[in-house]
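Atoms within a ligand are numbered from 1 in the order they appear, just like the ligands themselves. Quick caveat, the model's predicted, so the values are computed rather than measured.
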Amino acid sequence: MLQKKDPGSPTQRIVELFETGDEVVSIEMFGQGRINDTFKVTGMNHIYVLQRINTTVFPEPEHIMQNINTITNHIAKKRPDKPNLRVIPTQEGKLGYSEGNDYWRLYNYLDHTRTLDVIATTQDAYAAAKGFGDFLYLLSDLDPHLIKPVLPDFHNVPYRIKQLEQAIREDRAGRYQKVQDLCKQVRKYEPEIIRIYQLIDNGAVPVRITHNDTKISNVLLDETTLEPLVVIDLDTVMPGSVLFDLGDMIRTFLSPVDENEADLSKVQIRSEMLEALISGYHKGSKYMLTEMEKELVIDAGKMLIFTQTIRFLTDYLNGDLYYKIDYSDQNLIRAKNQLTLLSLLIKEEKTWKSIAREIFSSSLH
Ligand code: GN1
Ligand code: MG
């Protein structure tokens with residue numbers, strides 16, 4: 001009794017190419033990702049997560065799957081008693097299935113878990129940050145050379161600025177005039193953000209295996225205890241700086257509304273969430289951050305919010321080719337939302353920095 005809620009899609013045929021030993025009962029769209037397509041597959045015996053990888057964004061999905069397989073095996077070996085993400089191979093023993101421009105993969109579904117889109121309480125912030133901190137710690141004894149840099153320029157600020165400049169020059173969607181002022185406002189932060197990026201790039205902080213997309217919805221929490229269980233969305237796990245992860249947490253944890261909120265007066269910085277984020281991460285990562293990493297945490301937030309602002313703006317100028325949108329000005333709204341967050345963070349940056357210092361030094365070891 002197949003109830004496909006995704007009519008006309010090849011999803012059932014695809015699932016059957018994987019080594020599940022199960023029978024499909026239903027398939028439905030699932031999740032909030034802006035890049036890949038995700039489906040929840042209910043089988044007779046188990047539930048699975050099927051994903052179609054966006055091969056424009058990830059041109060070498062096989063490399064991603066090798067990375068993910070290395071990472072998930074490493075974590076499962078270190079904590080076999082906990083729920084873990086597993087790559088389910090195809091019947092031919094491959095880590096995914098490639099057909100035309102599509103690349104598909106299948107995971108086990110982790111039941112009795114939930115994700116958050118915005119952080120409502122300090123307990124949420126602490127738990128989610130601790131989950132990402134655990135992740136850093138769990139991978140800290142894995143040689144970064146074993147992980148391929150699948151998107152080498154992902155957090156490269158000068159590269160992102162060049163992409164914006166190109167989008168302005170080409171003005172493919174004829175939208176530049178509308179966003180000229182916004183471009184000016186955001187570009188005034190460039191020198192300051194480039195300085196932060198260069199510090200990192202010049203080796204002020206160690207290269208670690210980092211997640212690189214630590215928005216709150218990427219950690220699964222136990223649905224009753226709210227304990228962080230599993231970090232998901234491992235496509236961008238690469239050698240990088242922990243500051244990319246901390247920066248993206250600052251970007252997504254501090255405001256009571258997410259990047260899609262059009263009412264900019266709702267964008268705010270909640271200092272209690274910053275405190276919870278830092279103490280949760282510090283605890284999860286077993287206090288392994290260097291002094292320089294701790295010192296740069298707020299700067300990292302600035303850098304990630306800046307980069308996200310110009311990425312949304314670039315995509316808006318290009319005619320929405322990268323991020324999924326629900327309505328035509330959504331990338332513009334997202335860019336404005338992120339620019340508001342950036343200016344709020346910078347306005348009181350001294351306060352945030354002193355809070356960060358205090359929490360890092362007062363957390364119990
Ligand atoms: C994308 O689609 P999702 O949620 O995995 C993006 C992140 C952005 C985020 C903004 C590979 O993440 O870098 O921060 O949207 N991922 C990629 O919501 O570009
Ligand atoms: Mg992602």
[X] and [Y]: side-chain donor and acceptor closer than 3.5 Å?
| X | Y | result |
| --- | --- | --- |
| Q12 | E16 | yes |
| Q338 | R251 | yes |
| N337 | T340 | no |
| R169 | Q166 | no |

Could you pull out every donor-acceptor pair under 3.5 Å between side chains of residues 199-206 and any protein atom, sequence neighbours left out?
from : atom 1 : to   : atom 2 : distance (Å)
N202 : ND2    : Q198 : O      : 3.2

Heavy atom under 4.0 Å from ligand 1: found in D233's side chain, backbone, both, or neither? side chain
What do we get for I35 next to ligand 1 when only non-hydrogen atoms under 4.0 Å count, side chain, backbone, both or neither?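 It is both backbone and side chain that touch ligand 1.
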For R311, is the nearest heavy atom under 4.0 Å from an atom of ligand 1?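 Within the 4.0 Å threshold, so yes.
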Y323-F312 aromatic ring centre distance below 6.0 Å: yes
Of all the non-hydrogen atoms in the protein, which one sits nearest to atom 12 (O) of ligand 1, and at what distance? D213 OD2, 3.3 Å
Below 4.5 Å, heavy atoms only, C-beta onward: do I68 and Y107 meet side chain to side chain? yes
Are the side chains of T210 and L136 in touch, meaning some heavy atoms are under 4.5 Å apart?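 Yes, side chains in contact.
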Can you list the ligand 1 atoms lying under 4.0 Å from a non-hydrogen atom of [X]?
| X | answer |
| --- | --- |
| Y322 | 11 (C), 17 (C), 19 (O) |
| R251 | 10 (C), 14 (O) |
| G33 | 2 (O) |
| F58 | 11 (C) |

Would you call the rings of Y287 and H282 parallel, tilted or perpendicular, where under 30° means parallel and over 60° means perpendicular?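 If you compare the ring of Y287 with that of H282, the planes turn out perpendicular.
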Think K283 forms a cation-pi with Y126, using NZ or CZ under 6.0 Å from the six-ring centre and within 45 degrees of its axis?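 The answer is no; the distance or angle limit is not met.
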With nothing but distance in play, are any N or O atoms of [X] less than 3.5 Å from an N or O of ligand 1?
| X | value |
| --- | --- |
| Q308 | yes |
| L151 | no |
| E259 | yes |

Are D37 and K324 ion-paired here, with the side-chain N under 4.0 Å from a carboxylate O? yes
Residue-atom pairs from the protein, N, O or S only, that lie under 2.8 Å from the Mg ion (ligand 2): D213 OD2, D233 OD2
Would you tell me which option among K215, Q338, R334 has the nearest heavy-atom contact to atom 9 (C) of ligand 1?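 Looking at heavy atoms only, K215 sits closest to atom 9 (C) of ligand 1.
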